[in-house]
Amino acid sequence: MLVAAGLGAIVLCTVSCGADEAAARRAGREGGRLNVVLLVSDTLRRDVLGFAGGEAVTPNIDRLAANGVVFQSAYSTGPSTVPSSVGMLTGRYHHAYPLTETTKGDDPYEAFLVADSEVLLAEILAESGYTVLKSVENPNAEVSNNLQGFADLPEYDELSPARRSRILEELRVPSTDRAFREMFGTLDYLLTVGPDEPFFLLKWILDPHEPFDPPDGFPPRGNEHLRLPRDPEAYRGWHTRQLDQYWGELSENERRALWNLYLAEVESVDARVGLVIEALRRSNLLEKTIVVFTSDHGEMFGEHGFRGHKRRFYEELVHVPLVLMGPGLPAKAVVRESFSHVSLMPTLAELLDVRLPGDVQGHSYVPSMLARSPSAPSYLYLAPRSLNASGAVVAGSRKLHVYGTHGERVHVFDVEVDPSETRDLGEGEASFDELNRYFLTARAENESRRRRREREISGVPERPPLADETVQRLRALGYLE
């Protein structure tokens, strides 16, 4: 059972930047204000990437890692897109916001209510002269109103034939499949933006999210050699509900075929990252642009008996890649300190010399990046979309899992020696009480913040129904029946 804790027991820390670090960042900005390109790959497991020792061939992402700062223990704030996107783009935990319902036809659909009155980094940058743009392929990443301040980049069909031809020719785009056409608005902007126009650009890439159907030019390696009861092409386009339905009947070769499709999608994401880097290089912008690569969460392929991204907190779901490369940042640097996505916006704000409002819950990791060594241990809070007692805490190598409406099931793992989380250390583990106390404190703090926001807006209004186009996109992703 969980042990009660007072609100004052543990404080969410903030980190200030010293004079040496500030001087180093100024040296990287001698040519003017820095740009940011934030690349999010949806449903991407860290452990598949080349630089992390994974099977996927990812030379472009690996080069980012080799020339930038790798966060070895980065975690999403939740195991699915809606909660993760809120933490990533607001600097505040999703449970600090009211949970609200929108509708998809006649059915409810949950999101969080980030009020228009909230001040987000994108808005601050837009007001200070930045061009702030987005291209988001997963509607769930913005259903909570967490992308205030961003304007939309043009779609493929909105670009002139001449501009599309320029992208194809200059960047040698390997495919004109839908997945690559989704990149054209981003690539067009990067090829045409003026040298003195600072920008913050978010590109949220849908892959390798289900359905597992890699674009043309990225066939799954090895499937042709597997003994399969179906045509290898028959496994394309499967959703999690199909995996749940058929998983027990699938042979090891069939499961491997699905995994290979996922890896092929990851490799196509790497190619898209390469296109962005090449566009920056051709525009002479690499030397004044911070490039961030991360994921909102991972995916499970039978580990612990689960498929897809369910309400669990295993490493396959919440341990995400995070790499930052840019002027003033060291190369081949590794931050071993535990990092939460809730600290991404505060970190970027400090790199851009921008002050965020005082109620952000993350803190800047710039000192850790520049020192190339861990600072004081951080406690990370993770939670599902729903407002219940489930969640997790990460502190160094220890991770606490809490499940159940009342937090009645608790597990502790050492993810450094047991990354597969198969050996529960139990309540007798030395760090259990501290982890448990932090979990309860963080949960109570977020409940208090949520109640304050509800009072400020006089209740929780229901959001407008989702647009028909959004519903169609969510259905295509397997979120809706």
Side-chain angles (χ1 to χ4, degrees), residues 1-7 9-13 73-88 90-99 110-112 144 295-298 300 303-304 306 308-320 338-344 361-363 377-415 421 424-427 429 431-451 453:
M1 296 296 292
L2 297 179
V3 181
L7 280 176
I10 299 176
V11 179
L12 295 176
C13 64
S73 298
Y75 287 84
S76 62
T77 52
S80 58
T81 299
V82 172
S84 174
S85 62
V86 172
M88 188 190 310
T90 68
R92 305 169 183 103
Y93 289 104
H94 52 283
H95 278 183
Y97 292 102
L99 189 65
E110 290 182 334
F112 294 93
S144 297
S295 174
D296 58 339
H297 58 81
M300 301 185 82
E303 298 90 351
H304 309 283
F306 296 103
H309 37 281
K310 300 182 183 295
R311 297 176 182 181
R312 303 290 169 178
F313 305 96
Y314 293 110
E315 292 289 277
E316 294 88 354
L317 278 181
V318 294
H319 188 188
V320 295
S338 299
F339 178 96
S340 168
H341 265 158
V342 79
S343 288
L344 182 57
Q361 294 174 275
H363 65 270
S378 292
Y379 290 80
L380 313 183
Y381 174 65
L382 294 77
R385 182 192 298 197
S386 58
L387 302 176
N388 60 30
S390 296
V393 170
V394 177
S397 66
R398 295 296 195 269
K399 192 161 93 178
L400 176 83
H401 293 232
V402 181
Y403 295 113
T405 304
H406 304 290
E408 56 267 29
R409 299 191 306 280
V410 185
H411 312 286
V412 182
F413 301 99
D414 184 333
V415 295
E421 296 168 288
D424 182 8
L425 302 178
E427 295 186 18
E429 209 282 325
S431 64
F432 173 80
D433 288 343
E434 190 175 359
L435 292 167
N436 181 48
R437 186 167 59 251
Y438 181 84
F439 173 77
L440 290 166
T441 301
R443 193 181 75 194
E445 179 185 333
N446 281 289
E447 288 176 353
S448 176
R449 286 171 177 258
R450 183 179 72 252
R451 287 194 297 269
R453 285 185 165 90

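The two residues G404 and A389 make their nearest non-hydrogen contact at O-CB, 3.6 Å. Closest non-hydrogen pair, P83 versus T77, comes out as O-OG1, 3.4 Å. Between L317 and P79, the closest heavy-atom pair is CD1-CB, 4.2 Å. Shortest non-hydrogen contact noted between V412 and D424 is N-OD1, 3.0 Å.
Remark: aromatic rings of Y75 and H341 are distant, center separation not under 6.0 Å.
For the pair R449 and Y93, the NZ or CZ position fails the cation-pi test of under 6.0 Å to the six-membered ring centre and within 45 degrees of the ring normal. For the pair R312 and Y403, the cation sits on the ring face: its NZ or CZ lies under 6.0 Å from the ring centre, inside 45° of the axis.
Note that the OH atom of Y381 and the OG1 atom of T441 stand 11.0 Å from one another [nearest 0.5 Å]. Note that CZ of R443 is 13.5 Å distant from OG of S448, once rounded to the nearest 0.5 Å. Interatomic distance, CZ of R437 versus CG of D433, reported as 7.0 Å (0.5 Å rounding).
Two residues are said to be in side-chain contact when any heavy atoms from C-beta on lie closer than 4.5 Å; D296 and S76 fail this criterion. Residues F112 and P98 have side chains not in contact (no heavy-atom distance under 4.5 Å, counting atoms from C-beta outward). Side-chain contact check for V394 versus Y379: every heavy-atom pair is 4.5 Å or farther apart. By the 4.5 Å heavy-atom criterion applied to side chains, R398 and L435 are counted as neighbours. Looking at heavy atoms from C-beta onward, N436 lies out of side-chain contact with V410 at the 4.5 angstrom threshold. Contact of the L400 side chain with the F432 side chain is registered, since non-hydrogen atoms from C-beta on lie closer than 4.5 Å.
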| side chain to side chain donor-acceptor pair (under 3.5 Å) assessment of Q361 paired with N446 | CA-CA 10 Å; Q361 294 174 275; N446 281 289; 3.1 Å; yes
| message | Show, in sequence, the C-alpha distance, side-chain angles and deciding distance for H297 and T81, and conclude whether the side chain to side chain donor-acceptor pair (under 3.5 Å) test is met. | response | CA-CA 7 Å; H297 58 81; T81 299; 3.3 Å; yes
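Taking the charged nitrogens against the carboxylate oxygens, E315 and K399 do have a contact shorter than 4.0 Å, which makes a salt bridge.
In this model, no donor atom of one side chain and acceptor atom of the other lie less than 3.5 Å apart for E421 and H411. With no hydrogens or angles considered, no side-chain donor-acceptor pair links Y97 and R450 at under 3.5 Å.
In this structure a side-chain-to-backbone donor-acceptor pair under 3.5 Å is missing from S144 to V86. With hydrogens and angles ignored, the 3.5 Å screen pairs no side-chain donor or acceptor of H401 with any backbone N or O of S390. Judged by distance alone, with hydrogens and angles left aside, the side-chain atoms of R385 form a donor-acceptor pair with the main-chain N or O of E110 at under 3.5 Å. A donor-acceptor pair under 3.5 Å links the side-chain atoms of H94 to the main chain of A383, judged by distance alone. Listed for the S343 side chain is a donor-acceptor partner under 3.5 Å among the backbone atoms of H363.
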